[in-house]
Amino acid sequence: MIRFTLRGLLTRKLRSTLTAIAIVLGVCMISGTYVLTDTINHSFDSLYQEIYKGTDAYITGKSVVKNQYSGMGIMPSFSQSELAKVRAVADVKAASGSVGSAACSVVGKNGKVISTGGAPNLGYSIDPSIPELNTVTLVSGTWPGKNEVVIDQATADKAGYKTGDIVGILVNGPVHKMRLSGIIKFGESNGIMGATLAGFDLPTAQRLFDRQGKLDSIQAVAKPGVSPERLVKELRSALPKSMTIRTGQQEASKVSADTSKQISAIQYFLLAFAGIALFVGSFVIINTLSITVAQRTREFATLRTLGGSRVQVLGSIIIEALIIGVLASVTGLFLGFGLAAGLIGLFRHLGLELPQNAFVIEPRTIYVALAVGIIVTLIASIRPALRATRVPPIAAVREGAALPPSRFHRFRTVGALALTALGFVLLMQGLFGKGMTTAQILTTLGGGAVLIFVGVALVAARVIKPIATAVSPLGTAAVALLSVLVWPVTYVIWLIRRASGRSPEFPAVTPDGAMNSLALANSGRSPERTASSAAALMIGLALVTLVAIVAASIIGSFKGAVDSIFTGDYAIMPVNSNSMTGTPIAAADEVAKIKGVESISSVRFGFGLVYGKSTMVTAVDGQPSKVFRLKWKAGSESTLDSLGSTGAIVSDAFAKSHHLNLRSGLKVVTPAGKPIYLDVTGIFRPPTGGSPFGDVTFSAKTFDASFQDPANMYTLLTMRGGESDANSKALDKALAGFPNAQAQTRQQFVDSQIAQLNPILMMLYVLLAFSILISFVGIVVMLVLTIYERTRELGMLRAIGITQRQTRRMIRHESVITALIGGALGISLGLLFGVLLVHRMPYVSFSMPDSVPYVPVTFPGFELVFFAFATVVVGIVAALFPARRAAKLNVLEALQYE
Amino acid sequence: MSTKISNQLERASASRDGVAVHATDLCRTYGEGDTAVHALCGVSLDVPTGHLTAVMGPSGSGKSTLMHIMAGLDKPTSGAVEIDGTEITTLDDTELTKLRRKHVGFIFQFFNLLPMLTARENIVLPLQIAGENVDPDWFDEVVTKVHISKRLTHRPAELSGGQQQRVAVARALITRPTVLFADEPTGNLDSRTGGEILALLHDSVETLGQTIVMVTHDARVATIADRVLFLGDGEIVRELPETTPEEIQKAIQEIGRR
């Protein structure tokens, strides 16, 4: 039985290979994701181990507030006097205090900040006197003295700095010019993943980071023979309760765990797309196996006449699927390794160096990738295998290749409709249901989508003919249009061919009506087959459309929000638009000095505990009523002007959920643990596109007094003369000393904010492209198998007068029809999902109560047309190889094909 | 009777003296050197217009090969074929295909209709492919001749074997080809149905002036022919005018003994 199966597989190498590709790509994504994220995780782990390896005890202030977005705790600085207490503890061999910042940029020779591609700009104090605690080594020059700096080798190379040069350091004010006393290296390979590293002596660092008399952390080394745990215990009794003390190991593990959490979020995200790819792949496998099994009806029937049992037929197919599954999964596994390696190399190229060159392949990766690939293949093979067992022996002598319908055939449509309906129920539940966690919502939405896709795919077979008839003229028109556009190229190719002696047919653009109608008739012959191939493409297109609509709606509502709120002429924003550190207050102060500036207002941001939860809070200064315009439930713009030291405005959703009215009391706890008491003096309604203000906004004066390192998120201003070249020049001049701040007009502001979405969109499209690629392969396979099946018929058509070109065109049109069916279904579903999701988006993404109005839908017209044409192109390209095969059939052999 | 049809009949009588297919010294060899197989060797013949020529021979005699070459489906190793005056052995694939559209009709042993098209659509398929309009009078004439007018909207699956073959005959006739090649047209039919098909073919020769070349191994089938050629070992070994099945049978046996 196995030999029989193996022999069969080998003679159908092409078919088996094409079938396998679907699984290969999906498994490749899984293994690639795991290897990539495991490697990055491991790199961070080793990085942290390296940082804390000599540290026996690590002391920081207690964190009460978390950064809402990164989930990391904000640790307040503490008095320098604690260091003496630490040193006084008996078992402490040595201790060193330090201050640091993640917003300490190095300025290049051209006056611009050296970019890190998103990695932090690290600056901290270096104490070379305690070797156990010093994680950097001096490559050249000397350790920094007063007002001196050392920077890491990679940054120095990038900027072309040498020891002795004057380097610009930018923290929270004008650029400090300091002498470069030396160049340092972190660990062995200087692998800090693209971050810039600047080191100073403690007093200089304290001055730079505004920590005079304070420290951010203390590291202590224990005397020999003293365990870190014992040291920590002793330190606890020596220091106040407001300090957090951990062993170096514990600190490393904690930081490592925080990072791990973020990486595993990315991992799940990528795996979700791998799952989508495999879902599409399973469609392709089921379709391909069904066709192959149908074509082997005679073979199975013969086997049965010779005495083979049904179980043996079943076994043969299952074994074949198993073999394909194993080979495909193994190939995909290794391909995934290559993919991960390629991506890591790409990161390196972009400047994101990983500390370790190790490539982490956990056993889990191998098990999961192989298991998933094999299981998906096996499950997909069950239905065709069962149908094959129903082939009666008499089929051995009959013509035609059609499987007997399965037992449930009659219930197919009803079942499909039921499945679709159930899917919609789940979808609605996920969108409108209450009290679910984000994970539950996503699972419900995902499950609903899966059921809808499967249901529609099954129903589509019933309505293939009308859909095909509807899309056929669209395909003809699109192909004609594309032919016209590409005509210059095909004309040149024709000239070249003619010159080389052949006499090719002149490139034509007019559609061949007879071939198109044959193709249309052909696509209706095996509706299930056409539907299945189209459905695979439908999934990818639905998701791509969904992404496009959501993105367009987000952008549309953002633009609307800016138009509604932003009444100023210019905004001062960070140069790096996704910076989380904002612009220095001094920059706004400098700009305010310009003669033409009429009004100016800045928004600060920070995190505080409000009602026990870490929340982003904002603060405003200057004349906000002149540059902001909000919709108010209570109060008005002038409320913003007169906040005083205790006034605060809150968003109406926040007010509603915490039962706040005008004059209600409100408490905000700063990261340092200090409470601020506020009174509600205004309640505003943020537009759906967002606003510059968080849920709670109070005066900048109060903010600056209580929060560490205040910085501006936005600064808006109006100028005499509005937007003008002269005004822009004046602003640029004022900001010359602040390389990390720039002045933008309203349009520039909108554009740069929107541009932040682009890399995310691109990534989503690329991830979905895998699924579309798999469905593309599915169409190719279907065409190849179909042509094989119709060999004699093709011979007959050629005999009665169809040219090779006409044959190609017929196959091409059949492919285009199939693709367009997938496109029509996919784009329609995508539009439906998109409208539903956008409608409920604020709820889904921020878990806010219903009073938040929904985001209006913007239809991405250009993208939709592009997707439609892309579908046609997929159809054309998918047909290239099969059409050539069909055209090149030897007429005589085809006619006599058995 | 329409003028078109009467024209057709005039042409029928006028063309009885021309040559539809002119084959010279055809050789077809497969393989090389010692293992070469000579399917045809030095075969020359003229297919007269308006006549039904049957080609007979035992299996391996090369009769199918000869027909394939004359029809332009295969290229001879040496020799030439002219259809209606055009030399076809030097044409490239596209030109050959276009020539087949106008000048050659086919009827195969297995029906070879497109299963998803109706009888009507199958019949006009060659015209559609060529982008030509269907002459409704001629269509009616052909369809009446093959007695399929009542089944035009049926698909092949809904037709009997004989009906399918009649559709195939109509399809072959609709383009008024210079020559119609029939490869064992009744091989898959019972004797009564087969007889009907043969009667159709004979009738098209007599009343429409169609030229037909028919390959067969069945002596009774060959009786409708105006001329029977016998092939043996790749050569024409005997020729008989219109004759009885017994004569043909005798001729076959004689060849077989050689």
Side-chain angles (χ1 to χ4, degrees), chain A residues 399-402 464-465 468 497 501-506 508 510-527 530 786 789-810 814 887-898, chain B residues 28 30 64-65 67-69 71-75 90-118 121-134 155-157 161 164 168 171-172 174-175 177 180-181 183 188:
Chain A
E399 271 265 348
I464 276 291
K465 286 213 181 80
R497 278 225 182 109
R502 285 178 278 180
S503 47
E505 285 184 73
F506 190 74
T510 45
D512 190 327
M515 293 304 109
N516 286 351
S517 62
L518 275 181
L520 177 58
N522 277 332
S523 61
R525 277 163 89 162
S526 317
T530 312
T786 307
E789 206 172 84
R790 295 193 219 144
T791 305
R792 211 165 65 195
E793 194 178 295
L794 282 167
M796 183 274 289
L797 284 172
R798 294 273 283 122
I800 68 170
I802 291 191
T803 63
Q804 285 183 329
R805 172 200 273 190
Q806 282 178 307
T807 312
R808 283 196 297 268
R809 282 184 153 189
M810 182 177 73
E814 201 174 326
K888 291 248 181 300
L889 282 175
N890 180 300
V891 182
L892 214 44
E893 284 174 22
L895 278 172
Q896 293 158 351
Y897 191 76
E898 197 47 41
Chain B
R28 185 60 168 104
Y30 297 100
S64 291
T65 312
M67 189 190 79
H68 293 152
I69 292 177
L73 293 176
D74 193 10
K75 275 202 165 37
T90 53
L91 295 179
D92 73 24
D93 188 274
T94 306
E95 291 164 328
L96 202 51
T97 308
K98 289 191 176 153
L99 180 134
R100 278 203 298 274
R101 279 183 201 168
K102 286 181 70 115
H103 294 285
V104 180
F106 283 103
I107 301 174
F108 304 105
Q109 178 177 3
F110 298 104
F111 319 117
N112 284 302
L113 300 178
L114 289 177
M116 71 285 191
L117 302 181
T118 62
E121 289 163 344
N122 266 295
I123 293 171
V124 301
L125 186 58
L127 292 174
Q128 259 202 317
I129 292 171
E132 287 174 20
N133 289 325
V134 182
R155 295 219 154 76
Q164 289 183 40
R171 182 184 73 196
I174 198 79
T175 54
L180 192 162
F181 289 98
D183 189 359
N188 226 35

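Lettering follows sequence order; numbering is per chain, from 1. The structure displayed is predicted, hence computed values, not measured ones.
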If we define contacts as heavy-atom pairs under 4.5 Å, which of B:Gln128, B:Glu121, B:Met116 has the most with chain A? B:Met116

Could you state the interatomic distance from CZ (B:Arg101) to CD1 (A:Ile800), rounded to the nearest 0.5 Å? 10.0 Å

Using a cut-off of 6.0 Å, state whether more than 12 heavy atoms not belonging to B:Lys75 lie near its atom NZ. yes

Please give me the minimum heavy-atom distance between A:Arg798 and B:Arg100, naming the atom from each residue. O-NH2, 2.8 Å

All heavy atoms of A:Gln806 vs all of B:Ile129, minimum pair found to be NE2-O, 3.2 Å

Salt bridge or not between B:Asp93 and A:Lys888? Use side-chain N to carboxylate O under 4.0 Å. no

Quick check on the interface: out of A:Asn522, A:Val891, A:Asp512, A:Asn890, who has the most heavy-atom pairs with chain B under 4.5 Å? A:Asn522

pair A:Leu895-B:Asp183: side-chain heavy atoms closer than 4.5 Å: no

Is B:Leu117 close to chain A through its backbone or its side chain, or both, or neither, when contacts mean heavy atoms under 4.5 Å? side chain

Write down the atom of A:Ala799, the atom of B:Phe106, and the distance for their closest heavy-atom approach. O-CE1, 3.3 Å

Residue pair B:Leu113, A:Met796: steps toward the side-chain contact (heavy atoms from CB on, under 4.5 Å) verdict: CA-CA 9 Å; B:Leu113 300 178; A:Met796 183 274 289; over 6 Å; no

Suppose we screen for salt bridge (charged side-chain N to carboxylate O under 4.0 Å, His left out). Which residues come up paired with B:Arg28, at least two apart in sequence or across chains? B:Asp74

Looking only at heavy atoms and a cut-off of under 4.5 Å, which of B:Asp92, B:Leu99, B:Thr94 has the most pairs with chain A? B:Thr94

